[in-house]
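Read through the structure below, which is laid out as structure tokens, and then see the notes.
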Number of protein chains: 2
Amino acid sequence: MSSSRRATIGDVARRAGVSKATVSLAYSGKRPVSEATRQRIFEAAEDLEWTASESARALAMSRTATIGLVLARSPEVISTDPFFPRFIAGCESVLAEAGMGLLLSVVATEEDETAIYRRYATGRVDGVILLDVQTGDRRPALMRELGLPAVLLAPSPAAAGLDDAGFDNVGDKSEDEVETTAFPVVLAENAPAIRDLVSLLVEAGHRRIAHVSGPLRYVHATERRNAFEAAMLEHGLDPSLVVDGDFTAASGRSRTLELLDREPRPTAIVYANDVMAIAGLSLARSRGLLIPEQLSLTGFDDSDLAAHLSPGLSSVSTRADEVGATTARTLLATLAGVAVPITRVDGPTVIARGSIGPPSDLD
Amino acid sequence: MSSSRRATIGDVARRAGVSKATVSLAYSGKRPVSEATRQRIFEAAEDLEWTASESARALAMSRTATIGLVLARSPEVISTDPFFPRFIAGCESVLAEAGMGLLLSVVATEEDETAIYRRYATGRVDGVILLDVQTGDRRPALMRELGLPAVLLAPSPAAAGLDDAGFDNVGDKSEDEVETTAFPVVLAENAPAIRDLVSLLVEAGHRRIAHVSGPLRYVHATERRNAFEAAMLEHGLDPSLVVDGDFTAASGRSRTLELLDREPRPTAIVYANDVMAIAGLSLARSRGLLIPEQLSLTGFDDSDLAAHLSPGLSSVSTRADEVGATTARTLLATLAGVAVPITRVDGPTVIARGSIGPPSDLD
DNA sequence: CTGAAAGCGCTTACAG
DNA sequence: CTGAAAGCGCTTACAG
């Protein structure tokens, strides 16, 4: 706008008295360039404020320096889930360093999601990150159909397609050929933290412990619920006090209402995320229950609020930023042709706070 | 991967027995194409599963079909602020329809932010959206330097550069020329909602009302604080009960602690966002205060939790999704060459819930 | 209504 | 160590 038009590699080459190829090579370092000419080139580029056009590079190299991420959740849940922004921030930190960008899409329906991936495959991104694995997830198959490199964030080995869970992340096997690799996975197990949470409550003296799950179409929600049930059984306790939530505050409130009306009342509730737990905690309090004396509660996500409620909400730190960074790194490695079949990251860890205590004998 | 290589426009042209130009024109509609050939072309394209390469179009048309958004906040605050995800979802809904993508960046420092914009200008995006206006914001100047079309979301006319607030969004004037237009602004005023909130509290009988602000480098935080003070003065009340928060739960808690220790204690607190209000509410309750009898509280954002706490948290709906959609639409119009100097959107509106009530005489 | 050709701004074999 | 040329896959004047 201010200065006429943007400089091109041709302008730089002319000013430095070299060919366009040499300018290109001086920057990419894909072939040696004498120190003298390199200097002249860099100076010329600086004078002209030149930087290579990404569009031109994209066409010439058939790589976009962009990776794609689609969030397929209701705006309501997205806005409430601290995982996404932290995960994205983690991705960004490694992508930025690699000079890559992140193309983000938010969709409501599965149809829209498929459409987006098709557009992505149209030379828009070099690869994608797959979050929120669902049972029977079709995205892995779609990615293969589109030839779109992808990395999957999975909450359990089963979700990673490592054993048969009806999930389609197994490589194609054809007769005499070697089995092709299923695409790369970052594994952040959810189960251990839930077990720890249950143990903590049991040790504190709780026997009637309930669980408010997330939407069970998500493998991570199922995984948390299964872990809850397994842990209860291990302790010889009744694992059937499970109600289905959907990660929203509304469901946290209504499911808690339901649980508090049971006879006998549970003395502790394990929620599948913080938002539901906070709504539940607030409700219990408004009912006059003392926290944690009459009701202990735990969340999942370790949202900013958890630590600063009074009492603090015991929760599970998912280290979403680290997970995001690792996932991005894994995708970059994949794009670079390095085979990374599976990367384990430290699982989420429990953070105990005031919302957990021994059950009182009052009730 | 599965099928050899992606089809190109050449393949489609050959199969349809026409020139590449005709294929291009059949899709763009920039010139009439006979119905018969159009049919043949579409069929050929379908057979070959062809869609135009975005990289090639980007180079040929010098437009990337991508807009950029950079979030420059600490991961902590981002993860807690429901505005961003909703705003982004709103943008997406109009961008997707227009076949455009959203390139998202998250940065920590101002340096990184500048670097990102420079990369953006390198043929990565067609324009950008500017959020979180700060006093003395340098981005408008930077955008002009880079020749990057932009639209600014402003919480007040002053922040939009509509009057002198030390903000650099005025057009260049040179001698005899017409004053060039400052770049487009979407205006969503914050002040009216805060005034409404104060009025509501005053009508309920409150006299000692406090405010916990956001970080004052943000114009929207300053705007909310100023509106609070102005409203208090209008009602003939002492406007000096203002403490500085930073939008985090931690600050919500500590500032509330401070306010509750004052003598006399405020009977109501207006927080600059929901997270601080929720932390404050929780603290007040743990101190044994009855809500709203002994303390009324209000938030800002209308986060998912607000409606489902017990009592519900009175808040301000920012309609972030609509604002996002409008902002995106404004940017698209700008890119299309339509001049849209300023677009007003419905300001945020108050939602009264149980956290507001008449002050009791108990204390 | 349609085609042949040039051009967008890079990168990369191919020669030297 | 360097240059001339072809190519990436589109779009868009220019002719007809």
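Each chain gets a letter, A, B and so on, in the order its sequence line appears, and its residues count up from 1.
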With a 4.0 Å cutoff (strictly under), does any side-chain N or O of Thr37(B) reach OP1 or OP2 of dT2(C)?
yes
Comparing nearest nucleotides in DNA chain C, the 5'-proximal residue of the pair Val18(B), Thr51(A) is Val18(B)
Open item on the list: Regarding Lys20(B), tell me which of base, sugar-phosphate or nothing describes its non-hydrogen contacts under 4.0 Å with the strands shown.
Closed with: base
Problem set entry | Side-chain donor or acceptor of Asp47(B) paired with backbone N/O of Ala44(B) under 3.5 Å | no
Taking a pair to mean Watson-Crick or G-U wobble geometry with both distances below 3.5 Å, dA4(C) pairs with none
Distance criterion of 3.5 Å, no angle test: do you see the side chain of Arg14(A) paired donor-to-acceptor with the base of dG3(D)? no
Looking only at the side chains, is there a donor atom on one of Glu35(B) and Gln39(B) sitting less than 3.5 Å from an acceptor on the other?
yes
In whole angstroms, the gap separating C1' of dG9(C) from CZ of Arg124(B) amounts to 16 Å
Here the distance between atom C1' of dC10(C) and atom CZ of Arg6(A), to the nearest Å, is 11 Å
| said: Under a 3.5 Å threshold, yes or no: a donor from one side chain and an acceptor from the other, between Thr327(B) and Thr330(B)? | reply: no
Ranking dG3(D), dT12(C), dT12(D) by distance to the side chain of Met61(B), first place goes to dT12(D)
Classify the ring geometry between Tyr27(A) and Phe42(A) as parallel (under 30°), tilted (30 to 60°) or perpendicular (over 60°).
tilted
### Task
Ignoring backbone atoms, establish whether Ser34(A) has a side-chain N or O less than 4.0 Å from OP1 or OP2 of dT2(D).
yes
Atom CZ of Arg31(A) and atom P of dA13(C) are separated, to the nearest Å, by 10 Å
From CH2 of Trp50(A) across to C1' of dG9(C) the rounded distance in Å is 9 Å
Checklist entry - For dG9(D), does OP1 or OP2 lie under 4.0 Å from any side-chain N or O of Ser53(B)? => result no
Between Ser19(A) and Leu59(B), whichever has its closest DNA chain D nucleotide further toward 5' is Ser19(A)
Separation of dC1(C) atom P from Lys30(B) atom NZ, nearest Å, is 18 Å
message = Strictly below 4.0 Å: does Thr8(A) bring a side-chain N or O up to OP1 or OP2 of dG9(C)?
response = no
Arg63(B) atom CZ is separated from dT11(D) atom P, nearest whole Å, by 8 Å
**Message:** Need one value for Ala52(A): base, sugar-phosphate or nothing, where a base atom within 4.0 Å counts as base even if backbone is also close, heavy atoms only.
**Reply:** sugar-phosphate
By nearest-heavy-atom nucleotide on DNA chain D, the more 5' of Leu25(A) and Ile9(B) is Leu25(A)
Distance col, row Arg86(B):CZ vs Ile78(A):CD1, nearest 0.5 angstrom, shows 11.0 Å
